[in-house]
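What follows is a short report on a single structure.
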Amino acid sequence: MKFFSKKPPFVFELLLRISCRSDEISYVLGDFDEIYCNILKRAGVIKAVKWYLIQILRTMSLSIKTYYFWIISLFHNYIKLGFRSILRKKGFYFLNITGLVSGLTCFLLLFVYINREYSYDNYHPDKNRIFRISTFIEAPASFSVFAYTTGNLAPILCRNFPEVENAARIYCIKNQKVTSDNKSFTENRILFADSQIFEILSIPFLRRDSKTTLKGTDCVVITKETAEKYFGRKNPIGKNIHINDDEYQITGVLENCQKTTHLKYDIICGFKNVEKYSWLSDWTYSQVYTYVKLYSGYDPQVFEKKIKNLSQNYLSVSNSGNYKFTYFLQRLTELHTDSKYKGLTLEFEPEEINDTDKLKIFALINLLILLVSYSGFLSLSTGHAQNRSNAIAVRQIAGGSKGQLLTQLFIEYFIIIFIIIIMTYCSAILFLRAFNILFSANLNVIDIFNLKFVFFMGLTALLTGIFLSKYLLTISPCKQPKSLFNRFKFHDKQKVFFKKILIALQLSLLVFLVISTMIVRYQIKYMKDNSCWINETKKIVIPVADNSVLKREYRDIKDKFKKIEGITGVSFSSHVPGSGSSRWSSRRAGRLQDTEQIINCIYVDTDFINEYGINIVKGRNFIDNNKKDVGYSYLINEAAMKAFKWKSSAEAIDKEIVSGVRHIKGPVVGVVDDFHYKGLQKKIEPLIIGNSPGFFHYITLSMENVNFDEVLFDIEGACRQILVGFPFKYHFFDKLFDKQYKSEKQLEKAFSIISFITLFLSCVTLACLSSFMILKRKKEINIRRILGASTSNILFFITKDFIGVVTGAVLTGGLFSLIFAGSRLRFCTYKISLNIFPYITGCVLAAIIFFLILSLLSFKVSRENPAESLRVD
Amino acid sequence: MEFITRLEELILLAIWKLQNNAYGVTINDEVSKQANRDYSMGALYFTLDQLLKKGYVNKYPGPPIPERRGRGRLFYTLTDEGKMALNRVRDLQESIWKDIPRFRFEDET
């Protein structure tokens with residue numbers, strides 16, 4: 001141990017060397033050694049060490065005081081100066097900082113959101129080797145892409161392909177009643193999964209009782225949230241749980257599923273329960289998700305080629321019915337943003353996907369916001385720097401070295417930047433909730449402190465500070481020594497031109513955004529107006545998850561509803577417009593080859609057509625109590641008629657078609673108008689309407705203008721026995737249909753907010769920049785006034801310079817918005833015609849703002865006494 | 001006129017008293033004894049550096065000594081400017097304290 005030698009500890013010497021800056025450090029150390037030895041002899045080791053330590057502490061504090069005192073005091077002085085210069089021009093700095101902060105907040109929130117969307121499913125280990133298999137189904141007359149595959153695929157892959165490390169199936173069911181411990185809820189995210197899924201995807205366990213958790217028939221694992229919902233804090237393992245009348249036993253608890261995954265789950269059951277279904281081994285029936293994990297070193301493209309036509313080995317023409325099934329791989333990490341096959345979106349995705357095209361537009365807008373706000377900030381700061389040049393020059397003359405000046409300016413700008421950063425984070429936290437609602441995102445406060453962004457901000461802040469301080473030095477009137485930076489000094493004319501370009505950029509961006517917002521808004525309004533669901537009666541829609549009662553007793557229930565006062569119409573159906581449709585393979589009877597395709601199907605009762613005001617072009621509606629209609633007859637819309645290659649509606653009546661899950665052959669009794677059962681983004685697709693009560697899942701009620709609450713109470717009472725224990729939920733039909741436009745509305749809101757911010761930023765920048773430029777020419781203006789120019793002459797004189805700027809900006813903005821609108825609207829089937837109004841509004845708005853600001857400034861200049869500025873001190 | 005501080009005065013006088021034996025340890029002992037206060041070594045060395053810069057003391061290194069593990073001692077001596085500074089301070093002291101009696105308080109003996 002060092003302490004027992006005569007030498008003082010080495011660490012102490014090191015500390016002394018650092019803190020004592022004397023030249024003759026060895027003599028100092030020698031003195032310390034001497035005293036240490038003396039005390040050692042006198043009083044022992046501990047006292048000596050104690051003395052040494054105390055001396056070091058006192059020396060260090062003293063060294064900090066003396067040697068660093070002046071440096072700290074100088075910094076303290078600089079900070080004081082920085083704050084003083086800010087407070088002297090509070091208004092200007094307030095505008096400057098607020099502009100940049102608002103732009104940066106938007107940028108930060110959008111950046112985090114986009115980053116998050118692209119990082120879905122990144123937490124799985126070996127994510128580059130995990131794929132989902134999806135199916136491309138070609139019918140003789142159409143094609144579609146499913147995210148599902150047949151249930152046979154996964155076991156065959158495991159057995160016959162050496163590249164496959166593991167393959168598992170997942171079957172998803174929604175809207176099931178789950179009961180346990182005398183509590184029951186409607187669960188929406190229930191999966192049935194092969195036990196191999198735990199090897200492929202990362203589904204971490206919280207608690208499990210044995211290794212064989214999902215092998216048994218009636219084993220189930222639930223997430224922590226679900227466990228707390230049913231059992232509170234008690235251990236759920238071993239307890240029973242009923243899913244839709246089937247009893248299971250809980251054998252494990254999972255961690256809550258991550259929010260950033262494409263497949264969310266609450267309850268996972270063993271796959272054995274699905275194996276009792278006959279459709280599982282049907283090669284033409286796709287209803288499960290298949291995930292594979294390949295061994296490393298195998299090329300996924302090669303594997304994809306191998307499995308592409310796998311179904312042909314097991315299907316013959318007779319039992320596939322002319323359908324061709326092609327399998328393709330999708331990367332796990334792309335499932336959320338880039339889930340497309342040759343440009344077609346997949347159907348039956350487990351959760352909503354966020355299209356990468358839309359995200360790219362958001363990223364572009366994001367970048368634009370950043371550029372606009374940052375350029376505004378820079379231009380304002382450099383413009384303001386003119387006012388500081390005198391002070392800097394005086395300081396230079398008084399003897400300040402270049403390094404000192406740079407430090408002072410850098411600290412001043414750093415204070416501003418520091419304030420900006422703090423304010424950005426504060427306002428981001430403040431507006432987080434509003435942002436979440438607007439973009440239906442799920443950001444937490446922690447997500448904002450994204451490492452990439454912090455690094456980016458820090459770097460930008462540093463560079464900005466350096467640039468600004470250097471710039472400030474270059475414009476001081478004192479002679480500058482020739483240095484590298486000074487060689488790039490701008491002449492006055494170039495600086496003015498640069499400022500004009502900045503103004504033009506901001507204005508054009510403003511024009512672009514305003515026009516685009518208006519166009520998007522028009523488009524949405526057009527789509528809403530043309531969906532022709534504006535009926536006078538109010539409609540509510542009640543979803544029925546378990547229709548066992550409804551399908552048996554629907555006639556009695558309908559009478560019951562009709563008896564309630566205020567209800568003018570009742571209708572049952574499998575889907576309502578806006579809630580999607582089923583898709584089954586259908587064809588004309590006898591024309592298998594060229595008409596078989598997958599078509600949308602819905603099943604309705606006899607009142608549906610009247611309730612929704614659908615026009616029957618030819619033929620008749622379903623007739624009540626007609627035995628021949630129920631389960632056999634079909635109505636088709638005009639698009640379906642064309643798809644089945646009938647030339648007119650008269651030709652189609654009484655011909656037979658085959659449709660539905662059980663391939664029921666039945667006559668077409670009527671042809672209806674094409675009505676919008678999905679949003680107006682796409683053309684109206686073919687639709688087959690059948691009449692089977694077995695599929696009724698929605699009740700539509702039309703009401704007159706009566707007291708809504710009373711009627712609601714009666715409705716709830718009538719529903720109680722239908723809903724079989726499920727809670728009573730109702731939706732207003734028009735709101736339900738509006739959900740089709742969710743992503744357009746998101747875009748519109750984003751654009752509006754960004755336009756407002758750009759408007760604010762532009763006004764601020766314009767005002768400040770213009771005022772700088774005008775102030776520079778103050779003497780000239782005042783001379784003109786003395787020579788007899790009136791206020792309007794002055795106004796003309798000032799604006800004359802900027803006309804080029806405004807025109808250029810307006811033209812650029814208009815052009816870009818034209819291109820943008822054209823490219824977006826090209827994909828819309830129902831689009832607004834080319835309307836001049838938004839363009840004119842945008843341009844006029846920009847021009848008005850600009851001239852308003854300029855006129856205000858010129859008024860200000862005209863008010864003053866011209867002699868004031870011309871006086872020579 | 002420039003005056004030296006109290007600590008500098010103490011150190012200069014201690015150096016003069018110690019004649020040829022004025023190095024870090026001894027100066028520290030002397031000053032602490034005189035002022036009845038435990039000055040840290042750091043304070044001493046910094047003040048000595050200041051005095052060196054002002055030109056009031058000179059330094060010369062001593063021979064290495066085995067006790068100090070091979071390091072020598074750094075001896076300080078007064079210069080003429082130092083002596084003049086001391087005189088200035090003494091004159092100042094005498095002139096401002098001239099004709100002022102020693103303050104007495106009631107509870108003093």
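Note on naming: letters A, B, ... go to the chains in the order of the sequence lines (proteins, then strands), and numbering restarts at 1 for each one.
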- prompt: B:Met41 versus A:Phe32: any side-chain heavy-atom pair under 4.5 Å?
  reply: yes
message: Using a 6.0 Å cut-off, check whether atom OH of B:Tyr60 has over 12 heavy atoms from anything other than its own residue.
response: yes
message: With a 6.0 Å cut-off (strictly less than), is the heavy-atom count around CG of B:Asp80, excluding the residue itself, greater than 12?
response: no
query: Less than 4.5 Å apart, any side-chain heavy atom of B:Tyr45 and any of A:Asp31?
result: yes
B:Asp29, part contacting chain A, at a heavy-atom distance under 4.5 Å: neither
field: B:Ser40 to A:Arg58 - nearest heavy-atom pair and separation
entry: CB-NE, 3.6 Å
field: Heavy atoms of other groups near A:Phe94 CZ, more than 12 under 6.0 Å
entry: no
- prompt: More than 12 non-hydrogen atoms from neighbouring residues, nucleotides or ligands closer than 6.0 Å to CZ on B:Arg90, yes or no?
  reply: no
field: Spatial distance of atom CD (A:Gln55) from atom CG (B:Asn28) [nearest 0.5 Å]
entry: 7.0 Å
- request: Look at atom CD1 of A:Ile46 and say whether more than 12 heavy atoms of other residues, nucleotides or ligands are closer to it than 6.0 Å.
  value: no
